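Along the sequence shown, residues are numbered consecutively beginning with 1. This is a predicted model, so every value here is computed, not measured.
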Amino acid sequence: MAGRINDDDVKAVRDAVPIDAVVSEYLQLRNAGGGNLKGLCPFHDEKSPSFQVSPSKGLFHCFGCQEGGDTIAFVQKIDHLTFAEVVERLAAKAGITLRYEEGGYNPSHQRGERIRLVEAHKAAAQFYVDQLNGPEAEIGRKFLADRGFDQAAAAHFGVGYSPAGWDHLTRFLRGKGFSDKELITSGLSQDGRRGPIDRFRGRLMWPIRDTAGDVVGFGARRLRDDDNGPKYLNTPETPIYKKSQVLYGIDLAKKDIAKSSRAVVVEGYTDVMACHLAGVTTAIATCGTAFGGDHIKILRRLLMDNGSARVIFTFDGDAAGQKAALRAFEDDQKFAAETYIAIAPDNMDPCDLRLLKGDDAVRDLVEPRTPLFEFALRQIVARYDLETPAGRAAALDEAAAVVAKIKTGSIQREVAVQLAGFVGILDQEYVVHRVNQLAQWARGRGGDRRGPAPASRNGGRHQQVQAPPVPSGPALNLRSPAHRTERELLKLALQRPELVSPAFDAYGADEFTAPPYAAVRQCVAEAGGAEQGLGDSREYLVRVLDATPNETVRKLVTELAVEVFIGKNIDETYAGEQLVHVRLRAVDRRINDVQSSLARLGSNVAPDHLAAAQNEVWVLQQYAQSLRSHGADAL
């Protein structure tokens, strides 16, 4: 059984790996003010960024779906890893050797499954790279050279070669300590008659990396005529490789995609290489599957769906390429970005284009030319004889059904007018009416019961956004002045404890009227009080989070720890006002409670009880007056 990771080592990992650096591997972050960063949440679909990261606190929180936590929690959620697996992964990046309370130093049998599979792929990738330099791989080097890729290009993309023997890689990885079960699970080996054998043999190998840069699979290209396998053979579905959720080249392209708000989608590994070497460093490709919804989610997090974002698809001009373009158009409205299609002259792909016409031709190819919707509609219309009324009517029926799927009313009308021109129908209003009819019919069938949605900010395509889950726990009336003040005070205690300590630690949980806020106050107390935050603020927040009794309170703590303050000047004066307001309302409530109790008892109250109650009311009234007159000095 795996030993528990030493607490000091966990803390060292948290401190060594900045949360903004980790989150930036998955989505684009922008300045949100107050030292925070924001981006599109990777845990639910949204139009505008509600996902915030606080680098100083080491926390993230989404105000849309309520997900939140620290660096470790983020990686756990996004990559579906255990706590130990994340700590091990981040420790490896930071160069920290972990200690285990039981079992010594990080033995291989204690590593999480994902970590082990990623390490096996990393070792395999290096093995393949080393093999590319051997005499057997001459055929692979020639293949690359014939397509314009030299040794430096191969090294940049990690291209390698798998030997033609049965079990070269399998024996190599066994020697590295990997078990047969791990090799089969990883997809690097497969069952043979006498045990595991290599899955990839005698092929050129491209490592497929995830957004974080870890090798999770391979694409293998056939080189020899006697190889009866498919032209391209990819890693099968494994615990770390889902072909619909990876994009080849995303690890190299992600920064430039975020910086330029542009992505170029090509069809193959060599096309990605050609584009990058030609200066189009935003090129990526799918891995043996059509471009789909999960790929869109990856790009949207990088593009941030701003008004200038563009996605350019490059497809061959043949029937297969046209079919791929039409499939892409079906998902077009999931982007707020504008989508275009680029087809090279003579139906060349970017790799061939670079060989024949050079880098400039590749760069020119991917400049936005034809909107994807226009290309898709022209492809539909081209199937019919537009010289006849019957042909025009049939073309209109098929194309109008496509236009009717556009959810934004203004865009739908504009495209319908263009469709009238494509088909050759002079009565544009007739076409607009026909599209409206089909759209209404689809909604009546349950295709979309909400009706047309307003246009997005960039006047582009509307995207369907799933409503975030309703957070559990008692509802808070944030319009209540009491709740707003209590919330501000808790934010101060978590974010700026130096402004409210030591006064805050004298406040009881019963001074917070909202039950969730009272729960957070209790967590701060169990963590040693806000005064603990005067030292290591990150460790203090970790202790508060560890004290939370359930996920609802935990999410509220992360939310309060990153939320921007209402006030403009967050100083001792502002903090004092929140302290006074919360205490004053608590005093007033106690006065009312005592007076109400006396009123209910009436003449039945015992003399000694009456005297004690009247004295308490008098003391509280004097304290309240002092708070109103002297503010925080009276605390």
Side-chain angles (χ1 to χ4, degrees), residues 1-27 42-43 53-62 67-123 176-179 182 185-186 209-216 238-241 251 523 527 535-548 550-551 554-555 557-558 561-562:
M1 181 176 178
R4 181 173 178 270
I5 301 174
N6 181 277
D7 289 340
D8 289 338
D9 290 348
V10 173
K11 180 181 182 301
V13 169
R14 281 195 178 102
D15 293 342
V17 185
I19 189 169
D20 50 323
V22 173
V23 174
S24 294
E25 293 179 352
Y26 299 88
L27 59 136
F43 304 118
V53 175
S54 174
S56 63
K57 303 294 185 298
L59 296 175
F60 76 92
H61 183 82
C62 176
E67 289 289 357
D70 60 7
T71 310
I72 296 174
F74 176 82
V75 181
Q76 275 187 274
K77 294 174 190 295
I78 200 165
D79 283 335
H80 308 290
L81 305 178
T82 66
F83 178 87
E85 286 174 333
V86 175
V87 174
E88 290 168 347
R89 179 176 175 181
L90 296 178
K93 287 189 175 183
I96 296 173
T97 301
L98 297 176
R99 294 167 293 177
Y100 291 77
E101 301 297 343
E102 304 168 11
Y105 284 85
N106 214 4
S108 61
H109 70 274
Q110 292 182 336
R111 309 300 296 276
E113 181 186 64
R114 187 186 193 283
I115 300 296
R116 292 288 293 165
L117 298 185
V118 168
E119 287 183 343
H121 276 79
K122 181 180 179 180
K176 293 287 185 179
F178 293 97
S179 68
E182 288 172 330
T185 302
S186 70
R209 294 181 170 88
D210 61 15
T211 310
D214 289 330
V215 179
V216 294
T238 73
I240 64 171
Y241 179 80
D251 57 308
C523 294
D536 188 332
S537 61
R538 289 196 179 188
E539 181 62 22
Y540 159 63
L541 286 173
V542 169
R543 293 171 68 173
V544 175
L545 287 167
D546 287 344
T548 53
N550 54 52
E551 190 64 19
R554 185 179 181 85
K555 289 179 178 179
V557 169
T558 60
V562 303

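Between the side chain of Thr558 and the main chain of Lys555, a donor-acceptor pair closer than 3.5 Å is present. Of the possible polar contacts, none joining the Asp20 side chain to the Pro55 backbone as a donor-acceptor pair under 3.5 Å is found.
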Can you list, pair by pair, the side-chain donor-acceptor contacts under 3.5 Å of residues 540-547, counting residues two or more places apart and other chains?
unit_1 : atom_1 : unit_2 : atom_2 : d
Tyr540 : OH     : Ala493 : O      : 2.8
Arg543 : NH1    : Gln532 : OE1    : 3.3
Arg543 : NH2    : Ala527 : O      : 3.4

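Listed here is the closest heavy atom pair of Asp9 and Thr97: OD2-O, 3.9 Å. Thr238 and Ser186 make their closest contact through CG2-O, 3.5 Å (heavy atoms, listed as atom of the first residue, atom of the second, distance). The minimum heavy-atom distance between His121 and Val215, with the atom names listed, is CB-O, 3.3 Å.
Qualifying side chain to side chain contact (heavy atoms under 4.5 Å, CB included) partners for Asp7, counting only residues two or more places apart in sequence or in other chains: Arg4. Residues that satisfy the ring pair (Phe, Tyr, Trp, His ring centres under 6.0 Å) test with Phe178, not counting sequence neighbours, are absent from this structure. In this structure Ala94 satisfies the side chain to side chain contact (heavy atoms under 4.5 Å, CB included) test together with Ala16, Val17, Ile96, sequence neighbours excluded. In terms of the salt bridge (Lys or Arg N to Asp or Glu O under 4.0 Å) criterion, Glu539 has no residue partners (sequence neighbours excluded). For the ring pair (Phe, Tyr, Trp, His ring centres under 6.0 Å) test, residues two or more places apart in sequence or in another chain that qualify with Phe43 are Phe74.
The environment of NZ in Lys93 is crowded: more than 12 heavy-atom neighbours from other residues, nucleotides or ligands sit within 6.0 Å.
Ile5 CD1 to Phe83 CZ: the interatomic distance, rounded to the nearest 0.5 Å, is 6.5 Å. Note that OG1 of Thr548 is 7.0 Å distant from CG of Asn550, once rounded to the nearest 0.5 Å. Distance check, rounded to the nearest 0.5 Å: CZ of Arg554 to SG of Cys523 gives 10.0 Å. Rounding to the nearest 0.5 Å gives a distance of 14.5 Å between CD of Glu182 and NZ of Lys176. To the nearest 0.5 angstrom, Leu90 atom CG is 10.5 Å from Glu88 atom CD.
Screening Arg14, Arg538, Lys57 against Asp70 for a salt bridge (charged side-chain N to carboxylate O under 4.0 Å, His left out) leaves a single residue, Arg14.
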query = Where do Tyr100 and Asn6 land on the side-chain contact (heavy atoms from CB on, under 4.5 Å) test, with the steps shown first?
reply = CA-CA 5 Å; Tyr100 291 77; Asn6 181 277; over 6 Å; no

message = Test side-chain contact (heavy atoms from CB on, under 4.5 Å) on Ile72 and Val10; report intermediate values, then the result.
response = CA-CA 9 Å; Ile72 296 174; Val10 173; 4.1 Å; yes

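Looking only at side-chain heavy atoms (C-beta outward), Val86 and Arg114 stay at 4.5 Å or farther from each other. The closest side-chain heavy-atom distance from Asp214 to Arg89 is below 4.5 Å. At least one side-chain heavy atom of Leu98 sits less than 4.5 Å from a side-chain heavy atom of Val13. A heavy-atom distance below 4.5 Å is not found between the side chains of Arg116 and Thr185.
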